[in-house]
Amino acid sequence: MTSTNKPSTRHVLTDADLSRATRLALLRTAFSAKHEGRLAAARPLAGRHAAIVMAKPSLRTRVSFTVAVHRLGGHTIEVGAHNTKLGKGEALEEWAAVLGRMVDLVVARVHAQAELDALAAHAQVPVVNALSDLWHPCQGLADAMTVWEAARLAGRPHAHDPAAFFEQPHRWAYVGDGNNVLHSLLWTAADLGVEIRAACPAGFEPDPAVVEAARSHHPRGAGGVVLLHDPREAVEGAEVVYTDTWISMGEESSKRPEDIEAVFAPYRVDAALLARAAEGAIFLHCLPATPGVECTTEVLRGPASRVLDQAENRLWTAMALLSDVVFDAQGGLP
Ligand code: CP
Ligand code: NVA
């Protein structure tokens, strides 16, 4: 997958817009912002304005970016189809161009990735993907932080630094729907050299182009990005067991819950499935979760779960991303 970034822009439209070195640096900044107070006094966004565009509901992404901008000294304004004439009398071209003349940054959750690409092309200010049908790069960043943070706080070997940690062999498992969150996880794992095994029901596999791109990017090629149908095989020996909702936003009319339950029931993450993972394995879910559906309540809220750290890490990684990449406060472009 080719990066969508032009050298002069700092868009984060897909996970490929972050290089491995940048990703590792962002993990360090985010960890130290959370645990050591780094960025507490930083104001790289002083006098800057960010537009938050949410075409779909959001708790974590909306709040993390709003708070991140404010903590870094900037201001936010929420705009979209709900309070402007976007798509109902004003075309995206002019809408985005006008927005870009007034704000310094756009954080946008859209339906189709193509809308995000168009927004970036016309806004001419940095655009950050806050979730599209294809990608959720900010989630992938927080996921990697959560895995490394859990290892570091547990005093695991080589976990003092993310580069040293991700140089060791690791295996992650994803069980469930082959969606945007899985796409970003596949790319993140490939970028960090982590073996990832994803088990999805037939007909609900990830986009083949994304799988191919992740395999090409992975240092181990196709051996590093393994697609399966058997969830038990996927979680065998994994340090991370990850799932997401079976019905993503926008799919409500095309996926009937009773049909989905019939197909996906073997993919529910329960204690028995989790027990097949490596000792000390952690459970991740990007949230929002439907307890008792894609995972049991026992797993979601049990001792292996790191979902609340994972959600909180959306804030720290958003601050790192805005500070170090989008506004280049540390001089560290990808
Ligand atoms: N994980 C995530 O993106 O959550 P929201 O949909 O609440 O933003
Ligand atoms: N796959 C989910 C992720 C939500 C954060 C969705 O697109 O709705």
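In this text the structure is predicted, and so the values were computed from the model without any measurement. Read the numbers this way: they start at 1 and go in the same order the structure lists the ligands and their atoms.
- Residues passing the side-chain contact (heavy atoms from CB on, under 4.5 Å) test with Leu59 are Val63, sequence neighbours excluded.
- The heavy-atom pair separating Gly176 from Trp246 by the smallest distance is CA-NE1, 4.4 Å.
- Contact between Glu239 and Pro169 at its shortest, heavy atoms only, is OE2-O, 4.1 Å.
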Anything under 3.5 Å between an N or O on ligand 2 and a protein N or O? List each pair with its distance, or write none.
residue  : atom  : partner : partner atom : Å
ligand 2 : 1 (N) : Asn179  : ND2          : 3.3
ligand 2 : 1 (N) : Asn180  : OD1          : 2.9
ligand 2 : 1 (N) : Asp244  : OD2          : 2.7
ligand 2 : 1 (N) : Ser248  : OG           : 2.7
ligand 2 : 7 (O) : Asn180  : ND2          : 2.9
ligand 2 : 7 (O) : Ser248  : OG           : 3.4
ligand 2 : 8 (O) : Met249  : N            : 2.8

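- Taking both residues in full, the closest heavy atoms of Leu13 and Gln113 are given as O-NE2, 3.1 Å, listed atom of the first, atom of the second, then distance.
- Side chain of Arg306 to main chain of Pro303: a donor-acceptor pair is present (N/O by atom type, distance under 3.5 Å, no hydrogens or angles).
- Closest approach of Lys56 to Met249, counting heavy atoms only: NZ-O, 3.6 Å.
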Using atom types as modelled, flag every donor-acceptor pair under 3.5 Å from a side chain in residues 74-82 to any protein atom, sequence neighbours excluded.
residue : atom : partner : partner atom : Å
Thr76   : OG1  : His70   : NE2          : 2.8
Glu78   : OE1  : Arg62   : NE           : 3.0
Glu78   : OE2  : Arg62   : NE           : 3.2
Glu78   : OE2  : Arg62   : NH2          : 3.0

Write 'none' if nothing qualifies; otherwise put on separate lines each N/O atom of ligand 1 with a protein N/O atom under 3.5 Å away and their distance to 0.1 Å.
residue  : atom  : partner : partner atom : Å
ligand 1 : 1 (N) : Gln139  : OE1          : 3.0
ligand 1 : 1 (N) : Cys286  : O            : 2.9
ligand 1 : 1 (N) : Leu287  : O            : 2.9
ligand 1 : 3 (O) : Thr61   : OG1          : 3.0
ligand 1 : 3 (O) : Arg109  : NH2          : 3.1
ligand 1 : 3 (O) : His136  : NE2          : 2.8
ligand 1 : 3 (O) : Arg314  : NH1          : 3.1
ligand 1 : 4 (O) : Arg60   : NE           : 2.8
ligand 1 : 4 (O) : Leu287  : O            : 3.4
ligand 1 : 6 (O) : Arg109  : NH1          : 2.8
ligand 1 : 6 (O) : Arg109  : NH2          : 3.4
ligand 1 : 7 (O) : Leu59   : N            : 2.7
ligand 1 : 7 (O) : Arg60   : N            : 2.9
ligand 1 : 7 (O) : Arg60   : NE           : 3.1
ligand 1 : 7 (O) : Arg60   : NH2          : 3.0
ligand 1 : 8 (O) : Ser58   : OG           : 2.6
ligand 1 : 8 (O) : Arg60   : N            : 3.4
ligand 1 : 8 (O) : Thr61   : N            : 2.8
ligand 1 : 8 (O) : Thr61   : OG1          : 2.7
ligand 1 : 8 (O) : Arg109  : NH2          : 3.1

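- Atom CG of Asp324 sits about 11.5 Å away from atom CZ of Arg10, to the nearest 0.5 Å.
- For the pair Thr61/Cys138, no side-chain contact is recorded, criterion being any heavy-atom separation below 4.5 Å from C-beta on.
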